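These notes are about the structure you will find just below.
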Amino acid sequence: MSQQTTEIRVASFADLDARTFHDLLKLRIDVFVVEQNCPYPELDGRDVEPGTRHLWLTDGGAPLAYLRILADPDGAARIGRVVVAPQARGGGQAGRLMTAALDLVGNRPCVLEAQSHLVDFYARHGFAVSGPEYVEDGIPHTPMRRKVIDV
């Protein structure tokens, strides 16, 4: 796997074929439900919303990394479900995906709920802590917000 052979893909739910959506969900479930031992309803209905964008990094086969951008009612973009496959960790894949997501978000306000051990990672992408830490599914999380960037 090299950065030359990996590519970033972006799609709305309507543009995803069944196999791709299956593979994206499998990655999310393998990490969030199985690896992190958090039995929760992974399918929350937001994947199919018209404003949702799915971004993933592929090396020609199964997805290596994934995130989704939701359109919140207040106009902010909400980044979530950020995940990297175990075999792809440590190679900068999450950073590449975040950079692509923020390019897509543009200068809109953007929020996320970071697993607290990843606050520094998101801070490097312009996010700042915006509220107190809380525990969800046994994992500490921290709300973060990226301010609108005036251009």
Side-chain angles (χ1 to χ4, degrees), residues 1-13 16 23-47 49-59 62-151:
M1 169 183 57
S2 73
Q3 295 220 355
Q4 289 77 30
T5 61
T6 57
E7 62 179 309
I8 294 174
R9 305 250 174 106
V10 180
S12 67
F13 180 77
L16 289 172
D23 292 348
L24 297 174
L25 282 179
K26 182 171 180 356
L27 174 60
R28 286 169 29 180
I29 292 167
D30 284 351
V31 173
F32 296 132
V33 178
V34 178
E35 180 183 329
Q36 295 181 352
N37 195 26
C38 295
Y40 73 102
E42 171 58 23
L43 292 175
D44 61 2
R46 300 218 56 195
D47 290 314
E49 293 175 358
T52 298
R53 291 297 169 266
H54 302 272
L55 281 74
W56 69 100
L57 191 62
T58 183
D59 194 9
L64 302 173
Y66 167 88
L67 63 75
R68 70 180 183 185
I69 304 170
L70 304 173
D72 273 2
D74 65 0
R78 177 172 296 278
I79 293 177
R81 301 295 203 268
V82 181
V83 62
V84 178
Q87 72 276 13
R89 292 179 189 157
Q93 308 308 335
R96 286 185 65 208
L97 208 51
M98 280 298 296
T99 298
L102 293 173
D103 286 347
L104 194 61
V105 167
N107 66 354
R108 287 184 294 160
C110 188
V111 297
L112 54 80
E113 305 296 319
Q115 289 189 4
S116 295
H117 71 279
L118 295 171
V119 163
D120 290 343
F121 167 78
Y122 293 113
R124 290 193 297 273
H125 289 278
F127 287 85
V129 173
S130 61
E133 183 179 70
Y134 62 94
V135 175
E136 184 174 323
D137 295 319
I139 298 173
H141 285 73
T142 301
M144 300 186 79
R145 183 173 194 86
R146 187 182 76 141
K147 297 212 184 291
V148 174
I149 300 169
D150 293 323
V151 287

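Predicted model, so just to flag it, every value in this text is computed and none were measured. Quick note: numbers below take in every heavy atom, side chains included, and nothing from hydrogens, waters or symmetry partners.
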Derivation of the side-chain contact (heavy atoms from CB on, under 4.5 Å) call for R124 and M98: CA-CA 10 Å; R124 290 193 297 273; M98 280 298 296; over 6 Å; no
Closest approach of T52 to H54 (non-hydrogen atoms, all atoms of both residues): CG2-NE2, 3.8 Å
Which residues share a salt bridge (charged side-chain N to carboxylate O under 4.0 Å, His left out) with D47, sequence neighbours left out: R28, R68
Residues 76-83, side-chain donor-acceptor partners within the protein, below 3.5 Å, at least two apart:
from: R78; atom 1: NE; to: D72; atom 2: OD1; distance (Å): 3.4
from: R78; atom 1: NE; to: D72; atom 2: OD2; distance (Å): 2.9
from: R78; atom 1: NH1; to: E113; atom 2: OE2; distance (Å): 3.2
from: R78; atom 1: NH2; to: D72; atom 2: OD2; distance (Å): 3.1
from: R81; atom 1: NE; to: E42; atom 2: OE1; distance (Å): 3.2
from: R81; atom 1: NE; to: E42; atom 2: OE2; distance (Å): 3.1
from: R81; atom 1: NH2; to: E42; atom 2: O; distance (Å): 3.1
from: R81; atom 1: NH2; to: D44; atom 2: OD2; distance (Å): 3.4

Polar side-chain atom of T6 near backbone of L57 as donor-acceptor pair, under 3.5 Å: no
By side-chain hydrogen bond (donor to acceptor under 3.5 Å, both in side chains) - contacts of R145 (at least two apart): none
Candidate pair L97 and V84, rule side-chain contact (heavy atoms from CB on, under 4.5 Å), full reasoning: CA-CA 10 Å; L97 208 51; V84 178; over 6 Å; no
side-chain contact (heavy atoms from CB on, under 4.5 Å) against D30, all qualifying residues, sequence neighbours excluded: K26
Heavy-atom closest pair, residues A114 and V119: CB-CG2, 4.5 Å
R53 vs S12 side-chain heavy atoms within contact, under 4.5 Å: yes
Among L112, V111, L102, side-chain contact (heavy atoms from CB on, under 4.5 Å) partner for R146: L102
Taking every non-hydrogen atom, the tightest pair across L27 and P63: CD2-O, 4.0 Å
Ring pair (Phe, Tyr, Trp, His ring centres under 6.0 Å) pairs, two or more places apart, involving residues 122-141: F121-H125, Y134-H141
L16 vs W56 side-chain heavy atoms within contact, under 4.5 Å: yes
Atom of P132, atom of P143 and distance for their closest heavy-atom approach: O-CD, 3.3 Å
Contacts of type side-chain hydrogen bond (donor to acceptor under 3.5 Å, both in side chains), residue S116, not counting sequence neighbours: E133, T142
